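Predicted model, so just to flag it, every value in this text is computed and none were measured. Hydrogens, waters and symmetry mates play no part in the numbers below; they use all other heavy atoms, side chains included. Chain letters run A, B, ... following the sequence lines, proteins first, then strands; residues in each count from 1.
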Amino acid sequence: MMLTHIYSSKHPGNPQRSNSSLQRANKVQFVSRGYSIGSKAQPINRLRTALLLGILLIATTAAAQISTHGYVRHYSGWLADDGSTAIQQNTLNLNLSSTDGNFAWRAVPYIYQYNNGDSLNLDLRQLYMDYYGSFYDLRIGRQQIIWGKADGVFITDIISPKDLGEFLLRDFEEIRQGLTAAKLSLYRGANQLDMVWVPTFSATKYPADGSLWEPIKPLPVEPIIDHSGENIPSTLENSEAFMRLAHMGSFMDWELMAGYAWDDDPDYSIQSLVMTATGPQLTLQGEQQRLNILGASFNKPIGGWLLRGEGAYYNGRQFMRELDITQVQTQLAQGLPLPELSLERDHLHYLLGLDMNILGIDLSTQFIQEYIMDYDESLQQDEFHNMMTILARETFFRETLSLELFSYIGLNNEDALLRPKASYDLGSGMALELGANVFLGDEGMFGQYDSNDMVYTRLRVDF
Amino acid sequence: MKTWKLMITAIALMTALQAQTPSGHEIMMKVYDRPTGKTIQSNLTMTLTNSRGDVRERTIKQFLKDFGTEEKKVMYFTAPADIRNTAFMNWSYTDGSDDDQWIYLPALKKVKRIASDSKSDYFMGSDFTYDDLGDRHPDADTHRLLREESLQGEACYVVESISKDEDYMYSRTVTWIIKDKWIDLKKEFYDEDEDHLKTLNIRKYEEVAGYWTIPDMEMHNIQKDHRTRMLMKNIVIDEGISDNMFTQRMMQRGVND
């Protein structure tokens, strides 16, 4: 949902966690953010995908004017600690599209091999059809929907679920997953009204168990999770709906949005706690919760600078409490009901940002704050959570070389992620990128990955 | 007596001639006010050549509309492949207000407003600054007619322009303007040290829909021996462009290539 809720404190743990991560968790009594239980895996229906792709390719060959583009990319990364390979990916991304009068369609399939030795996989980022009316557009199908004015932070940009299999390190195009939806956009002058209906809920994808990016979890014991309550049947009453009114103008651009959604992160309650020979065995029940959202964003030019703002009010969000196993055991022994693992609270999430160009360097900074309303001291997450982002970018040699530094800075936990990179345009759509991901701090969303510093290289050819 | 008459006649003739010769400012106002059409669309190929002869090419579909007090321009990049479907929109204002700029990056899938580029920044790595490509108002400079001479068979005024802003990137420019067409045929740019920095050469001008247009020009940075050629094809003037072209909707949808 939002950046800190990508790795929300609501998640108590993962039943198949590795020993190493469990040891890390035991060392860190409380990590306010930066962990997740990991949602239930969303199985990819490859047969369906292959079928869709087949139909698409047939349509492609049959149609007269198909635009075929895409890219091929090799991506390797090595851990700074021991030089071991952390990332080894090969991707072929296709972008097929066609327009015929008022109708258009687009398909974005991709074939990928994410580790040496893995088989090739096929998936679809997008597959949709457009109808362009005189004052409206209709888009139906698998699509990525991006709202808001923030960079690298998800506040009102909450429709497309996220793939956080590699934390926040993938390109944002790859972090945002497509979702099946119908979107109707109405236009009048500089104003635009979007209405989105999502018939099938898709959850955020979290790092695989045992992966480098498996987050530290905030529970004193490793729980067993019952995921059966997390399934959301695709019925009309289980739909999600979103609306946005947007304006683009010289004085200011702004957006107002509202959403009736499911929280991407499930809520957990204690199902049972039993003592075994190896220690306490905690079983949790996961359940998806409804969420109402109201949000707004703007950007306003001031001289040669740009002031940006974005904020959202989330009604009915679940926040996890501290869990004291001994206390739970005492309550059980006294025949008292199990304590609530989470509390429902309203939540505000907002940012202010400033973009400028000084001496040819593009600079951008954002201050982001989260506030839990009617705060309870038993909650794991701080009442206020503060973060900053800083971006500096400059190009050289007539824009063939680009140097960039993007940083997330966690102010509560004094942790950070620094992402310097150099991109060189080799010409003819070919680009080479060298970069690093440097994690600073001991705890928090970024500090937990302190041992995951890495360097990487990417070679990409667009066609 | 005869001598006096001759002198008076000569002075009168010179005065009359001077009256017919426009001042530097008047010449530059004529260039500024030359009608260019209310709407223009074209396919632009921008070719960058460095001192080693390496060539990079970018192709753009561009649409421009004059709304009176503001001018809106949108550019859709069609090649190379890595920037395909990127769209850039600029709104400029006759009152000298800062331009408004937006960019659509297909990877981000949203239109992003950007801090207005400094006028002295180079456009897309070319030899043209944003200011070179814009419609600089003559009142921003002091102009002086240096001489009249023939260039490429055309009778030209040669005008020197010096910015009223001391921090301007050029110490002066010298422009050759075709007398009866009010077209810049050549322009020399001098840097802050008064050294010759670059030269703009108009390779071709032609009349399209009754307007003088420049479909082919080249900027040569003499100090770095780098060239940028801008070649426009399929120029369409005053055939109407919908206001919708200059919206977020169209930037996201793009144009067919």
Go through the atoms of [X] and report whether side chain, backbone, both or neither lie under 4.5 Å from a heavy atom of chain A.
{"X": "S97(B)", "answer": "neither"}
{"X": "D82(B)", "answer": "both"}
{"X": "D98(B)", "answer": "side chain"}
{"X": "Y93(B)", "answer": "side chain"}

* Asked: Is atom CZ of F67(B) surrounded by more than 12 heavy atoms (other residues, nucleotides or ligands) closer than 6.0 Å?
  ->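 Counting other residues, nucleotides and ligands, CZ of F67(B) exceeds 12 neighbours.
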* Give a yes or no on this: more than 12 heavy atoms of other residues, nucleotides or ligands lie within 6.0 Å of atom CH2 of W254(A). =>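 Yes - once you tally the heavy atoms of other residues, nucleotides and ligands closer than 6.0 Å, there are more than 12.
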Side chain, backbone, both or neither of [X] within contact of chain B (heavy atoms, under 4.5 Å):
{"X": "D253(A)", "value": "both"}
{"X": "D151(A)", "value": "side chain"}
{"X": "Q126(A)", "value": "side chain"}
{"X": "S160(A)", "value": "neither"}
{"X": "F463(A)", "value": "backbone"}

* T59(B) (side chain) donor-acceptor with A79(B) (main chain) under 3.5 angstrom -> yes
* Structure fact -> Those residues at least two apart in sequence (or on a different chain) that pass side chain to side chain donor-acceptor pair (under 3.5 Å) with T129(B) are D132(B)
* Is the F123(B)-F128(B) ring centre distance short of 6.0 angstrom? ->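 Judged by ring-centre distance (under 6.0 Å), F123(B) and F128(B) do not meet the cut-off.
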* Centroid-centroid distance, Y131(A) to F103(A), less than 6.0 Å ->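 Ring centres of F103(A) and Y131(A) closer than 6.0 Å.
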Enumerate, atom names and distances included, each donor-acceptor pair closer than 3.5 Å involving a side-chain atom of residues 423-435 of chain A, sequence neighbours excluded.
| unit_1 | atom_1 | unit_2 | atom_2 | d |
| --- | --- | --- | --- | --- |
| D425(A) | OD1 | G427(A) | N | 2.8 |
| E433(A) | OE2 | Y456(A) | OH | 2.9 |
| E433(A) | OE2 | R458(A) | NH2 | 3.2 |

* Winner by heavy-atom pair count (cut-off under 4.5 Å) against chain B, out of N299(A), D355(A), V461(A), L354(A) ->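 Between N299(A), D355(A), V461(A), L354(A), the count favours N299(A).
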* To do: Quick one: which of T247(B), D127(B), D99(B) has the most heavy-atom pairs under 4.5 Å with chain A, could you say?
  => D127(B)
* Between chain A and each of R56(B), K224(B), R113(B), K109(B), count heavy-atom pairs under 4.5 Å; write down the option with the most. => R113(B)
* To do: May I ask you to check if K198(B) and F189(B) form a cation-pi contact, with NZ or CZ under 6.0 angstrom from the six-membered ring centre and within 45° of the axis?
  =>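 Yes, a cation-pi geometry holds between K198(B) and F189(B).
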